[in-house]
Amino acid sequence: MSTFYITTPIYYANGEPHAGHAYTTIAADALARYHRIKGDDVFFLTGVDEHGANIDKTAEKEGLTPQTFCDKLAPIFTQLWERLNISNDIFLRTTSDLHKRGIKKFLTALYESGDVYKAPYEGYYCRPCERFFPEKELTDEKICPIHKLPLEWVKEENYFFRLSKYQDRLLQHYSDNPDFVHPESRRNELLNVLESGLEDTSISRSSVSWGIPLPFDPKHIAYVWIDALPNYITALGYDADSENYRTFWPANVHMMAKEITRFHAILWPAMLMAADLPLPKQIIAHGWLTKDGEALSKTRGIFIDMDGDIAKYGVDSFRYYLLREFSFGNDGDYRPSRLHQRYNADLANDLGNLLNRVLGLVNKNFDGIPEPTTPGEFDDEVKEMAQTTTEKLDAHMKSFAFDSALETIWEFVRRVNRYVQQTEVWTLAKPETKPRMGTILYNSLEALRYVSVLLSPFIPETAEKIQKQIGLTEFDTVAEWGHLPVDLKVSRGEPIFPRVDLKKEKTPQPKEAEKPKKKTKAQESNLISFAEFQKLDLRVGSVISAEQVQGADRLLKLQVDLGTEKRQVVAGIAEHYKPDVLVGKQVIVVVNLEPATIRNVESHGMILAAGDDSVVLVSPETDVQLGTQVR
RNA sequence: GCCGGUGUAGCUCAGUGGUAGAGCGCACGACUCAUAAUCGUGCUGUCCGGAGUUCGACUCUCCGCACCGGCACCA
């Protein structure tokens, strides 16, 4: 028996889980379940990453200690996984003792490898990012490009990991293991990064308090990624060299969304090399979800309504849609209308109706499942197709093509529908043809049982419902033709996927009223005085002209009329605003910001905008006189 | 701007140097066991644009456009 260890990332617990988390976890769950029915010894990990300054900060905003905050949030994740039928074997929290013991051992091993060194470090630091900004990334204002906050000049002793040393070994590993990173496009990107050189990376933060102290110097706290990545071994009981650890490490699959492949495919393997531990076999990156063509965005209120869609179509339909519709690895556009189509066409019509019609015929004509006494036309074809379906399915699962995997199963479902049609089984109730009828119905039910086994990794609840209606009391996971016993009492129940007709229920939509933004009384510790606020000179200006800055995708060069003067301002909004729509627009300008030169273009001020992943310009509600002060 | 990818039926996508494919949707027909389900048949395409190689290109080469991703950039 082979073993199979699969992980999702441990999700950063500074907010509630969303559809992106669900997507990764459902895909991992499908793989885990698939390997279980194949007889592998499976261990499936998911969890939460609970340390770091961001969580500390979010907790503080809510008026909680970080530990209390995490204790509140972790169950929200586990409850979602229960609802989605996720079959994880462990839910790891980085605040757990198990993890802390493991980290202690791992970091000690890393330290003893000689590839950790202490170096004084001073430089510009962004607290929310928890990182220093190297000289080349600095600009005149010394502001963090992500958080727009002033960088602090921080002097601290930090520990570094000699990542640079592992460049060659990593490159070698990539070339020896072409499947190490999947899909290939990600692999190529990482190869580029590797070839262009690695820098040593700092692994500790002395300015952060919420985390795990370095075992060899407890005044320093481990950097969140250094704390988080080893969870994949600590969860197995690496600290005590437990049986799980010896059985399951190295992992077969680390599954994740594409934005964190670097940490997993470069930093983590290098750390393992240093600690002299085996590397995971495959790093699998999938794409992002969009919603009706738009990027998900908290600020713009674009999100996937998991609760609503699950309530309407059921958990399995949600799982089915995510896995069937998108080619893993590529970004996928989540469209409720497509979910609806998939539901009716695939689940209700093809599968649900097939089960229902076959059970109806058995019920009406036999006491239990009839014996297949009378072979005939098409029987062998169906039987053989069951076998080839299994083989094709396996190939698709090996390449993480869940969409093709499900399509393959559906080809078989359609074949069975055709079988029922071709044999016209409902016409065979006469005494002389009844044995043939029984045989066809047996084959059809066996095909459905077989299908339920193949489907169980993807839509486990449905698989069980199918077998229950067929009359099996315990779930049969054997994908071998002929396993279905005769004489079982079938129990044709309600259709497993009742059609959902959109027209009939016109109006149950408006329930999705905007969730009221959680009012979290900011217990601001970093308040500024009114005097400090007054230093800001904000004024209303009007955009006279706008053009793209040469060689920069995000930058626009704006000429702004402030009434008394005109200013040239560079703004990083090109991805969200076309130059010509800006002309004539009133905007708020920070007038007394020191000038800067960005990509050879001078900027005298800054335009206010809201948002992080998407950007919306701030503008007076009605036009006001140019130069009006904002306060 | 640099590097990489993609661009095929209304939608999601597969595909090959030699007359264009699947599923969904749509139209028509068959059937009536079944959830207005199933089965069959059919329809639509300048296979992104242009040039080139070739007897012949959707498939190869070059140029361009659009979109996506990585890097740079975000005052």
Side-chain angles (χ1 to χ4, degrees), chain A residues 136-151 183-193 196 258-259 261-262 285 287-288 290 324-327 329-333 335 337-338 341-342 344-365 403-404 406-407 410-411 413-414 416-429 437 441 444 492 494-501 548-556 569-576 590 593-599 601 603-607 609 612 615:
Chain A
K136 63 171 188 176
E137 287 185 38
L138 278 182
T139 54
D140 296 345
E141 277 77 15
K142 318 285 192 261
I143 286 178
C144 166
I146 293 150
H147 296 90
K148 320 285 182 204
L149 295 171
L151 297 172
E184 201 181 347
S185 52
R186 294 287 146 211
R187 176 176 189 268
N188 292 339
E189 274 171 25
L190 291 166
L191 275 173
N192 273 337
V193 172
S196 63
K258 62 191 182 183
E259 77 277 7
T261 44
R262 252 196 226 204
W288 287 343
T290 54
R324 171 66 185 87
E325 185 87 342
F326 311 131
S327 65
N330 296 337
D331 290 357
D333 189 25
R335 288 155 60 180
S337 61
R338 291 289 302 166
Q341 281 181 9
R342 283 283 176 203
N344 275 345
D346 297 357
L347 297 174
N349 293 355
D350 286 346
L351 181 62
N353 182 58
L354 174 64
L355 177 68
N356 201 237
R357 73 193 296 208
V358 173
L359 289 177
L361 286 163
V362 172
N363 253 352
K364 196 185 288 184
N365 298 287
D403 56 335
S404 311
L406 284 164
E407 169 62 18
W410 248 261
E411 281 169 16
V413 171
R414 282 185 221 113
V416 179
N417 260 320
R418 195 146 48 91
Y419 176 63
V420 173
Q421 200 76 22
Q422 285 172 315
T423 56
E424 297 189 15
V425 60
W426 58 90
T427 64
L428 304 177
M437 180 186 218
L441 291 178
S444 303
R492 181 193 190 195
E494 290 300 301
I496 54 174
F497 293 107
R499 273 184 72 91
V500 173
D501 195 341
Q548 188 86 33
V549 173
Q550 284 290 314
D553 290 347
R554 295 188 184 168
L555 302 183
L556 289 184
V569 176
V570 173
I573 56 173
E575 287 173 309
H576 306 280
V590 184
L593 194 61
E594 61 179 356
T597 303
I598 304 132
R599 289 207 79 90
V601 182
S603 181
H604 299 271
M606 170 177 170
I607 307 282
D612 37 64
V615 170

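Just so you know, these numbers use all the heavy atoms, side chains as well, and skip hydrogens, waters and symmetry mates. Each chain gets a letter, A, B and so on, in the order the sequences are listed, and its residues count up from 1. Given the structure is predicted, the values throughout are model-derived calculations rather than measurements.
The gap from the C1' atom of B:G21 to that of B:U16 amounts to 11 Å, rounded to the nearest Å. Separating the C1' atom of B:C58 from that of B:G49 is a span of 14 Å, rounded to the nearest Å. Comparing B:G18 with B:U59, their C1' atoms sit 11 Å apart, to the nearest whole Å. B:C3 sits 16 Å from B:A72 when the P atoms are compared, rounded to a whole Å. For the P atoms, the distance linking B:A37 with B:A51 amounts to 48 Å, nearest Å. Only the C1' atoms considered, B:G56 is 24 Å distant from B:A14, to the nearest whole Å. Distance check on atom C1': B:U8 versus B:C13 gives 9 Å, rounded to whole Å. Comparing the P positions of B:C71 and B:C47 gives a spacing of 36 Å, expressed to the nearest Å.
Among the atoms of the strands shown, none is found under 4.0 Å from any heavy atom of A:R324. Residue-level contact check: A:V570 touches the backbone only, with heavy atoms under 4.0 Å from sugar-phosphate atoms and none from bases. As judged by a 4.0 angstrom heavy-atom cut-off over every strand, A:G605 is placed among residues touching the sugar-phosphate backbone only. Using a 4.0 Å heavy-atom criterion, one finds that A:D350 contacts the sugar-phosphate atoms exclusively.
Residue A:R342 has its side chain nearest to B:G23 when only B:C73, B:G40, B:G23 are considered.
Here B:C74 sits opposite no nucleotide as a Watson-Crick or G-U wobble pair (both hydrogen-bonding atom distances under 3.5 Å). Using the Watson-Crick or G-U wobble rule with both distances under 3.5 Å, B:A57 pairs with nothing in any strand shown. Using the Watson-Crick or G-U wobble rule with both distances under 3.5 Å, B:A34 pairs with nothing in any strand shown. Partner assigned to B:U12 is B:A22, using Watson-Crick or G-U wobble distances below 3.5 angstrom. Pair assignment for B:U41: B:A27, on the basis of Watson-Crick or G-U wobble contacts that are both within less than 3.5 Å. When both pairing distances are held under 3.5 Å, B:U6 makes a Watson-Crick or G-U pair with B:A66.
Annotation for A:E411: atom CD counts as buried by contact number, over 12 foreign heavy atoms lying within 6.0 Å. Within 6.0 Å of CD in A:E259 there are more than 12 heavy atoms belonging to other residues, nucleotides or ligands.
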Could you please spell out the steps behind the side-chain contact (heavy atoms from CB on, under 4.5 Å) verdict for A:R492 and A:N356? CA-CA 7 Å; A:R492 181 193 190 195; A:N356 201 237; 3.1 Å; yes
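In this structure, A:R335 places its CZ atom 12 Å from C1' of B:G25, rounding to the nearest Å. Across the protein-nucleic acid pair, A:D333 atom CG and B:C67 atom P stand 17 Å apart, rounded to whole Å. Rounded to whole angstrom, the span from the CG atom of A:L406 across to the P atom of B:C24 amounts to 15 Å. Between A:D403 atom CG and B:C13 atom P the separation is 9 Å, expressed in whole Å. Look at CD on A:E189: it is 7 Å from P on B:C71, rounded to the nearest Å. In this structure, CD of A:Q422 is placed 11 Å from C1' of B:G40, rounded to the nearest angstrom. Atom pair A:E259:CD and B:G69:P shows a separation of 12 Å (rounding to whole Å applied). For A:R418 and B:G23, the CZ to P distance is 11 Å, given to the nearest whole Å.
Side-chain contact between A:L351 and A:W410 is present, with heavy atoms from C-beta onward closer than 4.5 Å. Counting heavy atoms from C-beta on, the side chains of A:R499 and A:N349 come closer than 4.5 Å.
With RNA chain B read from its 5' end, the first of the two nearest nucleotides for A:D346 and A:R186 is the one closest to A:D346.
Looking at A:N417, its side chain never comes within 3.5 Å of a backbone N or O of A:L354 through a donor-acceptor pair. Without hydrogens or angle criteria, A:N365 side chain to A:L361 main chain gives a donor-acceptor distance under 3.5 Å. A donor-acceptor pair under 3.5 Å is formed between the side chain of A:N344 and the backbone N or O of A:V500.
For the side chain to side chain contact (heavy atoms under 4.5 Å, CB included) criterion with A:E424, the lone passing option out of A:V420, A:T427, A:L428 is A:T427.
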Taking N or O atoms only and anything under 3.5 Å, show me the protein contacts with nucleotides 1-10 of chain B, one pair per line.
from : atom 1 : to     : atom 2 : distance (Å)
B:G1 : N7     : A:D553 : OD1    : 3.4
B:G1 : O6     : A:D553 : OD2    : 2.7

Distances under 3.5 Å between protein N/O atoms and the N/O atoms of nucleotides 32-35 of chain B, please, pair by pair.
from  : atom 1 : to     : atom 2 : distance (Å)
B:C33 : O2     : A:R357 : NE     : 3.3
B:C33 : N3     : A:R357 : NE     : 3.4
B:C33 : N3     : A:R357 : NH2    : 2.5
B:C33 : N4     : A:R357 : NH2    : 3.0
B:A34 : O3'    : A:N356 : OD1    : 3.1
B:A34 : O2'    : A:N353 : OD1    : 2.4
B:A34 : N1     : A:R357 : NH2    : 3.1
B:A34 : N3     : A:N353 : ND2    : 3.3
B:A34 : N3     : A:R357 : NE     : 2.9
B:U35 : O2     : A:F497 : O      : 3.3
B:U35 : O2     : A:R499 : N      : 3.0
B:U35 : N3     : A:F497 : O      : 2.8
B:U35 : O4     : A:G352 : O      : 3.1
B:U35 : O4     : A:N353 : N      : 3.3

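A donor-acceptor contact closer than 3.5 angstrom is absent between the side chains of A:R418 and A:Q421.
Distance check, rounded to the nearest 0.5 Å: CG of A:L555 to CD1 of A:I598 gives 7.0 Å.
Taking all atoms of both residues into account, the shortest heavy-atom contact from A:M437 to A:V425 is CE-O, 3.3 Å.
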